[in-house]
Protein chains: 2
Amino acid sequence: MPKPRAINPEINAVELTEAEWEIMKVVWEKEPCAAGTVQETLAKSRDRAYSTVKTTMDRMADKGFLEIERIRNLQLFKSCISEVDARRGEFRRMLKRAFDGALTPMMQFLIEHEGLSKEEASQLRMLVEKQNTGGARKEKAKNESSNR
Amino acid sequence: MPKPRAINPEINAVELTEAEWEIMKVVWEKEPCAAGTVQETLAKSRDRAYSTVKTTMDRMADKGFLEIERIRNLQLFKSCISEVDARRGEFRRMLKRAFDGALTPMMQFLIEHEGLSKEEASQLRMLVEKQNTGGARKEKAKNESSNR
DNA sequence: GAATGTATACGACAAATGTCGAATATGTCA
DNA sequence: TGACATATTCGACATTTGTCGTATACATTC
């Protein structure tokens, strides 16, 4: 029986807060973009003052999540971390906290407690099948990995 | 093709902080137990003052995560949320933030970017198989679900 | 009942996060 | 060159989280 391998949670530990996630999603979609653009986009779902968004984005630049390109009076923000990096960070934190870093118990939990339906389980099996019959995993992983 | 169902992230949204997770793990294992017991247990991996642990546990009681039973001068803490509830909360927050609440993209991500090995994928498939051939899922889910 | 040890109560403080307003700077246009 | 709109800067403040120290209260034991 194969021993469950724990994914090392220390490497590439990008951790975004709630507000940072919301902002990053807009930046990934529209970069390079101004703080005003982000604020207006977010306003559709949740209204916040421009200064709120700008302050958070400045702090994100300090942390190395965003970088600023200056054009005259304007600042254009670009992401310094990929969505894959952010997802990895979020996933690993969850796995570490709630499942001691082990994948198998998490899968078990999903099936037993999250009401994974037969359809969903089938999808999942198809994904696993694709993986096992050797798809373009390596290549894809390479292309979409960290851009940090 | 089945449409990916988003797990509703609002229901049962138990969210624990890092310190709270560490404490809860000890409480689940040893409840009912005193704050001193928790502090001593945690001290093995990470030393913190008794008052630090006690303050955090009092706050957790305020939040409804723990309850206190008083015996003369002593306080015994018991959990008000199950480990399943806590895991569910942690998992759903991750899923909502990083994958818009959808399971399938998360699975895809796991396979493409987390280097899910063939062995792990096999384990996963076995879990899925067990699920599809009708195990004791319903019963188990019932027994281990929320005790809130 | 005084000394000693253990628990509790509670105030404090720093850092991180989410939030904003107001002052200042810059650009555009009639 | 003003007037007006837009961006940036930056200080401020409330909450939450993690962290303690210290003053009190309670029990046990000479």
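Every chain is numbered from 1, with letters handed out A, B, ... down the list of sequences.
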Q.
If the condition is salt bridge (Lys or Arg N to Asp or Glu O under 4.0 Å), which residues does Arg48(A) pass it with, not counting sequence neighbours?
A. Glu22(A)
**Q.** Polar side-chain atom of Ser79(B) near backbone of Ser82(B) as donor-acceptor pair, under 3.5 Å
**A.** no
Q | Side chain Lys25(B), main chain Arg97(A), donor-acceptor under 3.5 Å | A | yes
Q. Hey, mind stepping through Trp21(A) and Lys96(B) against side-chain contact (heavy atoms from CB on, under 4.5 Å) and telling me if it holds?
A. CA-CA 10 Å; Trp21(A) 261 105; Lys96(B) 180 168 187 257; over 6 Å; no
All N/O contacts under 3.5 Å from nucleotides 3-8 of chain D to the protein, with atom names and distances to one decimal?
residue, atom, partner, partner atom, Å
dT8(D), OP1, Gln75(A), N, 2.9
dT8(D), OP2, Tyr50(A), OH, 2.5

Q) With Glu90(A), which of Arg87(A), Arg93(A), Arg88(A) fulfils side chain to side chain donor-acceptor pair (under 3.5 Å)? A) Arg93(A)
(Q) Would you say that Phe65(B) contacts Leu16(B) through its side chain, given a criterion of any heavy-atom pair below 4.5 Å between the two side chains? (A) yes
Q: At the 4.0 Å heavy-atom cut-off to chain A, mark where contacts on DNA chain C begin and end, going 5' to 3'.
A: dT17(C) to dG27(C)
Atom pairs, protein N/O to nucleotides 18-20 of chain D N/O, distance under 3.5 Å:
residue, atom, partner, partner atom, Å
dG18(D), OP1, Thr17(B), OG1, 3.4
dG18(D), OP1, Glu18(B), N, 3.4
dG18(D), OP1, Ala19(B), N, 3.3
dG18(D), OP2, Thr17(B), OG1, 2.7
dG18(D), N7, Arg59(B), NH1, 2.8
dG18(D), O6, Arg59(B), NH2, 3.3
dT19(D), OP1, Arg46(B), NH2, 2.2
dT19(D), OP2, Arg48(B), NH1, 3.2
dT19(D), O4, Arg59(B), NH2, 3.4
dC20(D), OP2, Ala49(B), N, 3.0
dC20(D), OP2, Thr52(B), OG1, 2.7
dC20(D), N4, Thr55(B), OG1, 2.6

Q.
Considering only residues two or more places apart or on different chains, which pairs with a residue in residues 33-45 of chain A satisfy side-chain hydrogen bond (donor to acceptor under 3.5 Å, both in side chains)?
A. Lys30(A)-Thr41(A)
Q. Which residue pairs satisfy the side-chain hydrogen bond (donor to acceptor under 3.5 Å, both in side chains) criterion with at least one member in residues 63-73 of chain B, sequence neighbours excluded?
A. Glu20(B)-Lys63(B)
Q: Determine, stepwise, if the pair Lys78(A) / Val27(A) fulfils side-chain contact (heavy atoms from CB on, under 4.5 Å).
A: CA-CA 7 Å; Lys78(A) 290 190 290 187; Val27(A) 172; 5.8 Å; no
Q. side-chain contact (heavy atoms from CB on, under 4.5 Å) between Arg46(A) and Leu42(A): does it pass, once the steps are laid out?
A. CA-CA 6 Å; Arg46(A) 190 144 143 21; Leu42(A) 291 178; over 6 Å; no
